[in-house]
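Working notes, beginning with the structure itself.
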Amino acid sequence: MNALIPVSDIMTQNVVALNRTDDLERAEALFNQYRIKHIPVVCKDVVIGMLSFTDLQKISLAEATNDEHDINTVVYNSYTIEQVMTKRVVTITPDTSIKEAATILSTSSFHALPVVEEGMLIGIVTTRDLLRFYVKNF
């Protein structure tokens, strides 16, 4: 297995992204619809943050209630995406090696790397993508 294969070979290209003006209810809907755990936040295709499903869980007060949707609506309307997202995002380029991406993710507290080219979002690589690659190649 060649560890120098670029992440462009394994990245997700049709990235689900949020705009800074979207609300958290939209974010939750996208997480559920696409069964994903990380969504880049963009302004004109430039990555300005990253929102994880865990970020939403941290602010949700709906632990054991019968009307979870209404409580989430109240909580989500109290925050903006920019208040909840991670602002210091590590990005990589499409020619970054899979090994380098794996090293970054294995030594960090996050699990997704937006892939940018000339400052614009073109893909995303997650720990799941890396695991699929390694399983396929071993």
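Hydrophobic cluster membership of Leu121, counting Ile, Leu, Val, Met, Phe, Trp and Tyr whose side-chain heavy atoms lie under 4.5 Å apart directly or via other members: Val15, Val42, Val47, Met50, Val89, Val116, Ile124.
Screening residues 39-58 for ring pair (Phe, Tyr, Trp, His ring centres under 6.0 Å), with sequence neighbours left out, gives Phe31-Phe53. Applying the side chain to side chain donor-acceptor pair (under 3.5 Å) test to every pair with at least one member in residues 6-18, sequence neighbours left out, gives no pairs at all. Applying the side chain to side chain donor-acceptor pair (under 3.5 Å) definition to pairs two or more places apart or across chains, none involves residues 35-46.
Residues passing the side-chain contact (heavy atoms from CB on, under 4.5 Å) test with Ile104 are Val90, Ile92, Glu100, Ser108, Phe110, Leu113, sequence neighbours excluded. Residues that satisfy the side-chain contact (heavy atoms from CB on, under 4.5 Å) test with Gln83, not counting sequence neighbours, are Tyr79, Thr80. Qualifying salt bridge (charged side-chain N to carboxylate O under 4.0 Å, His left out) partners for Asp55, counting only residues two or more places apart in sequence or in other chains: none. In terms of the side-chain hydrogen bond (donor to acceptor under 3.5 Å, both in side chains) criterion, residue partners of Asp129 (sequence neighbours excluded) are, by chain and number, Thr126. For Asp95, the side-chain hydrogen bond (donor to acceptor under 3.5 Å, both in side chains) criterion is met by Thr93, not counting sequence neighbours. Checked against salt bridge (charged side-chain N to carboxylate O under 4.0 Å, His left out), Arg20 has the following partners two or more places apart in sequence or in another chain: Glu82.
Val46 is not connected to Ile122 by any chain of hydrophobic side-chain contacts under 4.5 Å among Ile, Leu, Val, Met, Phe, Trp and Tyr, and they are in different clusters. No chain of hydrophobic side-chain contacts below 4.5 Å, direct or via other Ile, Leu, Val, Met, Phe, Trp or Tyr residues, connects Val7 to Met120. Under the 4.5 Å side-chain heavy-atom criterion for Ile, Leu, Val, Met, Phe, Trp and Tyr, Ile5 and Ile10 are members of the same hydrophobic cluster.
Two residues are said to be in side-chain contact when any heavy atoms from C-beta on lie closer than 4.5 Å; Ile81 and Leu24 meet this criterion.
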